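Because the structure is predicted, anything quoted here is derived from the model rather than measured.
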Amino acid sequence: MVFMAELVGPRLYSCCNCRNHVCLHDDIISKAFQGRNGRAFLFSHAMNVVVGAKEDRQLMTGLHTVADIYCNDCREVLGWKYERAYEETQKYKEGKFIFEKSKIVKENW
């Protein structure tokens, strides 16, 4: 008798538009962020995204240099990357990624 083990991969989030894998559940730092269109998650890493041009943006927590992030496949805007935080208390965000909850869907859950 042969038993097949069910392969369980990592829990992922994908682009809401084309299902391209863009981030891992294990990389979530916080779910308590606000995006342009509602709730957003802060991630330590991203994959299969294109980082756009840097710009200074006044956000709820002060002035930051950010760059929009786009799905590598369909170019959907998924959130942004924090390039620089000007306030000392916000420095932990530098190099991290915001994904808007409405722009990503769960995979392998």
Side-chain angles (χ1 to χ4, degrees):
M1 192 175 273
V2 177
F3 292 97
M4 296 295 290
E6 193 161 320
L7 296 177
V8 178
R11 292 188 297 172
L12 306 160
Y13 289 95
S14 298
C15 171
C16 67
N17 192 47
C18 72
R19 304 304 275 254
N20 184 24
H21 297 162
V22 293
C23 48
L24 298 171
H25 176 75
D26 288 348
D27 290 337
I28 291 178
I29 296 170
S30 174
K31 293 183 176 182
F33 276 73
Q34 190 66 29
R36 287 189 207 110
N37 305 303
R39 282 187 59 203
F41 300 159
L42 182 68
F43 284 81
S44 58
H45 299 91
M47 57 189 170
N48 301 321
V49 297
V50 176
V51 179
K54 297 178 187 177
E55 66 178 36
D56 285 345
R57 209 176 281 169
Q58 188 67 41
L59 302 173
M60 289 171 48
T61 54
L63 183 64
H64 296 78
T65 302
V66 299
D68 285 339
I69 55 173
Y70 305 86
C71 174
N72 200 36
D73 284 352
C74 71
R75 299 299 192 244
E76 179 81 22
V77 177
L78 302 173
W80 63 85
K81 180 180 181 184
Y82 285 104
E83 298 287 354
R84 182 173 179 206
Y86 290 91
E87 299 197 20
E88 202 58 44
T89 60
Q90 303 301 308
K91 292 283 187 190
Y92 74 96
K93 297 176 185 174
E94 291 182 342
K96 309 291 189 302
F97 299 85
I98 286 287
F99 282 92
E100 302 222 24
K101 187 174 182 236
S102 65
K103 300 288 188 152
I104 55 176
V105 293
K106 295 176 180 179
E107 300 276 352
N108 290 340
W109 290 58

With heavy-atom distances below 4.5 Å as the criterion, would you say the side chains of Leu78 and Tyr13 are in contact? no
Heavy-atom closest pair, residues Ile69 and Val51: CG2-CG2, 4.1 Å
Any Phe97 side-chain heavy atom under 4.5 Å of Asp27 side chain: no
By the definition side-chain contact (heavy atoms from CB on, under 4.5 Å), identify the one residue from Glu55, Arg57, Lys81, Lys54 that meets it with Asp68. Arg57
Tell me the closest heavy-atom pair linking Ala40 and Gly35, and the distance in Å. CB-N, 3.6 Å
Measuring from Lys106:NZ to Arg11:CZ, what's the distance to the nearest 0.5 Å? 8.0 Å
Min side-chain heavy-atom separation Tyr82-Leu59 under 4.5 Å: yes
With distance as the sole test, does Lys103 use its side chain to make a donor-acceptor pair with the main-chain N or O of Cys16 at under 3.5 Å? no
Mind checking whether Thr61 and Lys93 have side chains closer than 4.5 Å, heavy atoms only? yes
Nearest-0.5 Å distance that lies between atom NZ in Lys96 and atom CH2 in Trp80: 15.5 Å
Heavy atoms from other residues, nucleotides or ligands near CD of Gln58 exceed 12 (cutoff 6.0 Å): yes
Scanning both residues in full, the closest heavy-atom pair of Cys15 with Glu76 reads SG-CB, 4.1 Å
Would the distance check show the side chain of Glu100 and the main-chain N or O of Asn37 forming a donor-acceptor pair, the cut-off being under 3.5 Å? yes
Please report whether the ring centroid of Phe43 lies less than 6.0 Å from that of Phe99. yes
If I take atom CD1 from residue Ile29 and atom OH from residue Tyr92, how far apart are they, to the nearest 0.5 angstrom? 8.5 Å
CG (Leu24) and CD (Glu107) are apart, to the nearest 0.5 Å, by 12.0 Å
Begin from the C-alpha positions of Glu88 and Lys91 and carry the test salt bridge (charged side-chain N to carboxylate O under 4.0 Å, His left out) through to its verdict. CA-CA 5 Å; Glu88 202 58 44; Lys91 292 283 187 190; 5.2 Å; no
Are Ile28 and Ile98 linked, directly or through intermediate hydrophobic residues, by side-chain heavy-atom contacts shorter than 4.5 Å (ILVMFWY only)? no
Linked, directly or transitively: Val49 and Leu42 (ILVMFWY side chains, under 4.5 Å): no
Nearest heavy-atom contact between Gln90 and His64 is CB-NE2, 3.7 Å
Quick check for you: to the nearest 0.5 Å, what is the distance between Asn17 atom CG and Arg75 atom CZ? 12.5 Å
If you round to the nearest 0.5 Å, how far is CG of Leu12 from CG of Asp26? 9.5 Å
Can you give me the closest heavy-atom contact between Cys23 and Met47, atom names plus distance? N-CE, 3.9 Å
Counting N and O atoms only, with roles assigned by atom type, does the side chain of Asn48 sit under 3.5 Å from a partner on the main chain of Asn72, one being a donor and the other an acceptor? no
